[in-house]
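In what follows, a structure is listed as structure tokens, so that the remarks can point back to it.
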There are 2 protein chains.
Amino acid sequence: MSKPEQDQFSPRQSAVLEEALRLLVEGGEKALTTAGVARAANCSKESLYKWFGDRDGLLAAMIAYQASKVRTYEPAGGKLTREELRAHLLTFVRDLVDVLSGDVSLALNRLSIGQAGAGGGKLGRLMLERGRGPIGKRAMALLDAGRRSGLLDFSDGGEAYQTLYGLAVSDLHVRMLLGVSPETARKEFGSRAERAVDAFLRLFGAANKWEEPRIRHA
Amino acid sequence: MSKPEQDQFSPRQSAVLEEALRLLVEGGEKALTTAGVARAANCSKESLYKWFGDRDGLLAAMIAYQASKVRTYEPAGGKLTREELRAHLLTFVRDLVDVLSGDVSLALNRLSIGQAGAGGGKLGRLMLERGRGPIGKRAMALLDAGRRSGLLDFSDGGEAYQTLYGLAVSDLHVRMLLGVSPETARKEFGSRAERAVDAFLRLFGAANKWEEPRIRHA
DNA sequence: CAAGAACCGTACCGTACGGTACTTTATGAG
DNA sequence: CTCATAAAGTACCGTACGGTACGGTTCTTG
């Protein structure tokens, strides 16, 4: 079993994990052998096992390492204007799609999903905690700010967030996980961000604050 | 490489594939060894290789076999009333969630996704064609009928379908793929179907046909 | 400088699995 | 009855990979 929680990695270890991520992105899980990582990173297998315990520990460390690179900045807590909220929602949606369509994110999600048997794998839980968690927290904070500013109307923030997520991502993520190239997907979803935010505001905008946007589906 | 397209399977072969699916659902990909399938199905490895070519052929056959079991009935083509359209949308959404949260569907998606390297695996394409394709066709036909009946207003059916899909599924599918138990997910998403359909109709309902439903998010 | 730790490179081991070959048993046609 | 085909069961082979051991080299530290 993998080594105890040790979320900080030495520079050397980070370099090794970086190399491991590169291998994973290039060749999928089958390409991620301990010998391969050692060779690519110019380190010894013995060090790998000393640092990460076993192969599963290495995989978990890769996820933790990648998650540690994502800065989940909190938006300012003050009052928001309509335009600010809309702009923040738009950047959130764009960031979300960018993250989900990133090479490394796709590779790690594939890895965790492939690993997740019926019993529910450890890696899947890690991805949910370290990946989705922070993103969701950021979005919920933004939505809450919108409500406090009188611009949004909802009772269950989770429900609102789920709706926003669904509008923004739809089946894009799974399709990419199944092999649709991120370029193709991004092209197809290029104009989706605005539409998603508009739809979200039509559904959850406080009635008196948003002149019902008249979107003609031309 | 796998055997040529041969979408029909003999009863014996179907029984073997059924057993293989059972193994996959129970233990994930690692449990799906050729020897294991042969043992569980009381057949010889030699027969497996004769029928399916190699292991990848077996995996592809499992996907094709499972897809062949799903009947994608076309809804009637006549005019729809408001209530009929809403009911059809609701059953579609419920069916969709049921399918996606099914044991076999999850296992096959995990398999295909785990297989799908950067180069885009063959299995992923199969899942997209045989799984998503028919479901999407059915939904598009329904949406089109709604538009022809003057109840829906959209120009791009694909866009409307993506919206419906996103509202209905959100990140439910990926979370289940990562290991969230279908029971948990289904509970969390139990009441979502109506909300998704309502939201969809608010977004795409023809303006004069649907008295703007005043949903208070109590 | 000396002692020790950290670590690289390589060689090694056991095993599990994909794939093949062979023998035996059943079935069905001529 | 006889022969051929199909398929079960088993034994086998090669290899690839996870994990360990060890000798040599560099780096730190007193």
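Naming convention: chains lettered A, B, ... in sequence-line order (proteins, then strands); numbering from 1 in each chain.
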So, OP1 or OP2 of C:dC17: does either fall under 4.0 Å of a side-chain N or O from B:Thr34? no

Select one nucleotide: of C:dC22, C:dG9, C:dG19, the one nearest the side-chain heavy atoms of B:Lys45. C:dG19

Might you confirm whether atom NZ of B:Lys187 has over 12 heavy atoms from other residues, nucleotides or ligands at distances under 6.0 Å? no

Below 4.0 Å: OP1/OP2 of C:dC7 and any side-chain N or O of A:Trp51: yes

Whole angstroms only, please: what is the CG-P distance between A:Leu58 and D:dG19? 10 Å

In this structure, how many angstroms lie between the C1' atom of C:dG19 and the NZ atom of B:Lys50, rounded? 16 Å

Let me spell it out: for each of A:Glu46 and A:Lys30, pick the nucleotide of DNA chain D with the closest heavy atom. Which residue's pick is nearer the 5' end? A:Lys30

Side chain of A:Asn42 only, please: which of D:dA8, C:dC7, C:dG9 is the nearest? C:dG9

Where the side chain of B:Tyr49 is concerned, which of C:dT20, C:dC22, C:dC7 is the nearest nucleotide? C:dT20

How many whole angstroms separate atom CG of A:Leu59 from atom P of D:dG18? 9 Å

Taking all non-hydrogen atoms of both residues into account, name the closest pair between B:Leu152 and B:Gly205 and its distance. CD2-CA, 4.2 Å

Among C:dC7, D:dA8, C:dC8, which nucleotide sits nearest the side chain of B:Arg12? D:dA8

Whole angstroms only, please: what is the CZ-C1' distance between A:Arg39 and C:dG9? 12 Å

Out of curiosity, B:Ser10 OG to B:Leu17 CG, how far, rounded to the nearest 0.5 Å? 8.5 Å

Rounded to whole Å, how long is the line connecting atom CG of B:Asp54 with atom P of C:dG18? 11 Å

Verdict with reasoning, A:Tyr49 to A:Thr34, per side-chain contact (heavy atoms from CB on, under 4.5 Å): CA-CA 9 Å; A:Tyr49 284 97; A:Thr34 54; 3.3 Å; yes

Between CG of B:Leu48 and P of C:dA21 the distance, given in whole Å, is 16 Å

Under 4.0 angstrom between B:Ser47 side-chain N/O and D:dA8 OP1 or OP2: yes

Check this for me: does any side-chain nitrogen of one of A:Asp171 and B:Arg132 sit under 4.0 Å from a carboxylate oxygen of the other? yes

